[in-house]
Amino acid sequence: MSAFYSAVARYYDAETGDKTDDLALFSRLARAHPGAILDVGCGTGRVLIHLANEGHRIHGIENDPAMLERLEQKLQRQPHLRERLSFVRADAQTCDFDRQFSLVLLSYNALMHFKAQASQLSLLANLRSCLAADGALVIDLPNAAPAYADENNDALTWERNFLDPASGHLVMLQSVSWLDRAAQLLNVDWIYDEIDGDGVLRRLIASHELRYFFLAELRLLLDQCRFQVDAVHGDHEGGKYDDESERMIVFASGKAAHD
């Protein structure tokens, strides 16, 4: 995980700058669960900074130093947020959190980085240990069903063009992906073609591997770690979850120790 994000960190904010469709949901959840919030895999602070600007107390955990360096640069431009926003470089599976959280977020595919069952269980158990008694866990994942229905043709796909704010250069992003359906692993080669002012092209190829989840197995993982699933939505507006949903957003709460 870290090697991939270290390679693409310089492009990350420009590439995902229009990713705002989930922020209203997190704002509603933060208001419904007043108290400290934990953002797992906080990256460069997209969700952290949004919620801190709304007045919420939020803590991020991230294991990639390049992503956190970008976050620190943002905070230097908004120093007033440090009263409400904190972050740590650590492994969320083993980090000893020094507080309880009323809301824990695994936003924008964060759980997909935990590919082995042992790491999934370690992560969820650790998050359960720091969840307040009346707290909520939210897991935002892509729905695996449409991906499994598509043919796996290994075709080169154009994703988007964007400008690198640091250099002003045009970056053309393409990808080649293939899905191992038996292992539930999505392998993607992200191809960044950056064109400078003289028309010289520099190419970066960064490989990434992510794991798809189906609802039944996620329910079992959560149950094993003393969570109960309260709701599942198919989008960020509370739509029904079914085979055609774009997302699988799972809302869970903690079970009592004797349950």
Side-chain angles (χ1 to χ4, degrees), residues 19-63 67-68 71-72 74-75 78-111 113-114 120-141 218-219 221-233 236-238 247-259:
K19 173 63 180 173
T20 60
D21 57 324
D22 54 353
L23 296 180
L25 169 63
F26 299 143
S27 294
R28 292 194 299 271
L29 289 167
R31 291 192 296 269
H33 298 275
I37 303 167
L38 175 63
D39 183 17
V40 180
C42 64
T44 65
R46 183 181 68 90
V47 176
L48 283 179
I49 290 174
H50 169 76
L51 292 177
N53 270 317
E54 292 190 332
H56 302 288
R57 291 183 292 117
I58 185 162
H59 181 64
I61 182 168
E62 170 65 51
N63 69 358
M67 299 290 274
L68 291 179
L71 171 55
E72 177 60 31
K74 294 179 183 180
L75 291 179
Q78 303 181 69
H80 63 285
L81 294 181
R82 293 187 189 275
E83 299 177 2
R84 299 185 293 275
L85 189 159
S86 61
F87 63 88
V88 64
R89 181 188 173 195
D91 185 343
Q93 298 176 71
T94 56
C95 182
D96 185 11
F97 296 105
D98 60 359
R99 71 199 85 172
Q100 296 280 288
F101 298 96
S102 61
L103 179 63
V104 175
L105 302 176
L106 279 160
S107 62
Y108 194 35
N109 309 340
L111 186 60
H113 298 95
F114 298 85
Q120 296 155 16
L121 290 170
S122 295
L123 170 71
L124 293 172
N126 201 29
L127 297 182
R128 178 65 183 88
S129 71
C130 69
L131 185 71
D134 57 351
L137 169 70
V138 181
I139 305 174
D140 184 2
L141 292 165
L218 190 52
R219 286 184 183 275
L221 289 167
L222 289 166
D223 181 73
Q224 183 72 22
C225 297
R226 296 194 296 113
F227 286 99
Q228 64 182 20
V229 174
D230 299 320
V232 183
H233 293 167
H236 297 108
E237 290 74 44
R247 307 297 297 175
M248 180 176 70
I249 306 173
V250 177
F251 303 81
S253 55
K255 292 183 178 180
H258 58 271
D259 287 353

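Everything quoted here is computed from the prediction, not taken from an experiment. Counting from 1, the numbers follow the sequence of the chain as shown.
Residues Asn126 and Ala92 share a closest heavy-atom pair of ND2-O, 2.9 Å. Closest approach of Asp230 and Ala252 over heavy atoms only: OD2-C, 3.6 Å. Counting all heavy atoms, side chain and backbone alike, Asp140 lies closest to His236 at OD2-NE2, 2.7 Å. Taking each heavy atom of His59 and Ser86 in turn, the nearest pair found is ND1-OG, 2.7 Å. Residue His33 comes nearest to Asp134 through the heavy atom pair ND1-O, 3.9 Å, listed as atom of the first residue, atom of the second, then distance.
Counting heavy atoms from C-beta on, the side chains of Arg247 and Val232 never come closer than 4.5 Å. Between Leu85 and Ile49 the shortest side-chain heavy-atom distance falls below 4.5 Å. In this structure, the side chains of Leu141 and Leu111 come closer than 4.5 Å at one or more pairs of heavy atoms. Val138 places none of its side-chain heavy atoms less than 4.5 Å from the side chain of Ser107. Contact check for Leu221 versus Arg219: no side-chain heavy atoms found under the 4.5 Å cut-off.
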What do the steps show when you test Phe26 against Asp39 for side chain to side chain contact (heavy atoms under 4.5 Å, CB included), and what is the final call? CA-CA 11 Å; Phe26 299 143; Asp39 183 17; over 6 Å; no
Mind running side chain to side chain contact (heavy atoms under 4.5 Å, CB included) on Leu123 and Leu106 for me, showing each step along the way? CA-CA 11 Å; Leu123 170 71; Leu106 279 160; 4.2 Å; yes
Please assess His56 against Leu48 for the test side chain to side chain contact (heavy atoms under 4.5 Å, CB included), listing each intermediate value before the final yes or no. CA-CA 9 Å; His56 302 288; Leu48 283 179; over 6 Å; no
Can you check side chain to side chain contact (heavy atoms under 4.5 Å, CB included) on Leu29 and Phe251, steps first, answer last? CA-CA 10 Å; Leu29 289 167; Phe251 303 81; 4.0 Å; yes
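In Arg57, the CZ atom is not crowded: 12 or fewer heavy atoms of neighbouring residues, nucleotides or ligands sit closer than 6.0 Å. Counted within 6.0 Å of CD on Gln224, heavy atoms from surrounding residues, nucleotides or ligands total 12 or fewer; the atom is thus considered open. The local environment of CD in Glu237 is crowded, with over 12 non-hydrogen atoms from other residues, nucleotides or ligands closer than 6.0 Å.
Every residue meeting the salt bridge (Lys or Arg N to Asp or Glu O under 4.0 Å) condition with Arg46, not counting sequence neighbours, appears here in chain and number order: Asp22.
Counting only N and O atoms by type, the side chains of His50 and Ser27 include a donor and acceptor under 3.5 Å apart.
The only member of Leu105, Leu103, Leu124 that meets side chain to side chain contact (heavy atoms under 4.5 Å, CB included) when paired with Leu137 is Leu124.
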